[in-house]
Amino acid sequence: MTVTPPSRLATTVERASAALGRRRGRLLHPAGRSFTGEMMIWGTPGPPTGARLLDDPGRYRATVRLSKGTPTPGSWPDVLGLAMRLHRDGDHPFDLLVSSSGAAPVLRNLPLPRRDFTGTYTSIMGYRVGRRRIWLAALADPDSVGLGRSLGTVAAATRADTPRLVLAVASAVGPWRPVGQISFGAELDAEEDAALAFDPVRNLPPDLRVAGPLAWLREHTYRGSRRARGANAQSGGSAATTV
């Protein structure tokens, strides 16, 4: 049996993703809305995770994008996505991506279609911190205005108020521990949204690395999609002031 070398397989995946991207535009989560934002990190309650981004209190300018994975029409169920770019003065950004999922341990590894943009989003894949693995989530904030069931209602919510979601961390089977919040500000225009490109594998702190069998596939699929759009791993993102 002939075994395809990893480098050749990676090239094949990237070329296929680029070819599809040239036909469809943005390959992954093509329909979405992008916004200015702010990430507030309160710090980890209880034992630290070992990732400074989550353990140390901080405040970051952010660009956030909510999207539909397929996309389905209007308010039809879909795998919803939330991408968060944390801007750092004089250095490359951090990109955190989560998808609609379940909060329970058995469900936090599975992307689940949903109607409402207010709900549980998880990293699906775990992150490796030293010898440990953790999962990230964006959870509904009970004190925040809702985001509704369509991209249009999401945009309307940001015009009327400042929606928020709670950032949380957990082990594979442990409870979610709130560590911060993400706030949504002004909507970016369509051109800025189209230029925005994320890299959920390489745009991470050195002490927080993606883990699991899908990490490799995600890395090369995103790279091919960016190539099709003429974007790089740090393209786009608002330099506006925090909300």
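By the 4.5 Å heavy-atom criterion applied to side chains, L136 and T122 are not counted as neighbours. At a threshold of 4.5 Å between non-hydrogen side-chain atoms, the residues L188 and T63 count as touching. With contacts defined as side-chain heavy-atom distances shorter than 4.5 Å, the pair F184/L66 qualifies. The shortest distance between side-chain heavy atoms of L86 and L53 falls below 4.5 Å. Using a 4.5 Å heavy-atom cutoff, the side chains of I41 and Y60 are in contact. The side-chain heavy atoms of Y127 and T49, taken from C-beta on, include no pair separated by under 4.5 Å. For the pair D95 and M84, the minimum side-chain heavy-atom distance is 4.5 Å or more. Counting only heavy atoms from C-beta outward, the side chains of S183 and T162 approach each other to under 4.5 Å.
Residue pairs that meet the salt bridge (charged side-chain N to carboxylate O under 4.0 Å, His left out) test with at least one member in residues 105-123, sequence neighbours left out, do not exist here. The side-chain hydrogen bond (donor to acceptor under 3.5 Å, both in side chains) contacts involving residues 168-182 comprise nothing, where partners must be two or more places apart or lie in separate chains.
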task: Check step by step if salt bridge (Lys or Arg N to Asp or Glu O under 4.0 Å) holds for E38 and R61.
output: CA-CA 5 Å; E38 181 179 86; R61 290 181 300 107; over 6 Å; no
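With rounding to the nearest 0.5 angstrom, the CG atom of L204 is 8.0 Å from the CG atom of D199.
Atom CH2 of W76 has 12 or fewer heavy atoms from other residues, nucleotides or ligands within 6.0 Å.
With F94 as the aromatic partner, R85 does not meet the cation-pi criteria of under 6.0 angstrom to the ring centre and within 45 degrees of the ring axis.
Looking only at distances, no side-chain donor or acceptor of T70 sits under 3.5 Å from a matching main-chain atom of T72.
Looking at residues two or more places apart in sequence or on another chain, you find a salt bridge (charged side-chain N to carboxylate O under 4.0 Å, His left out) between D56 and R52.
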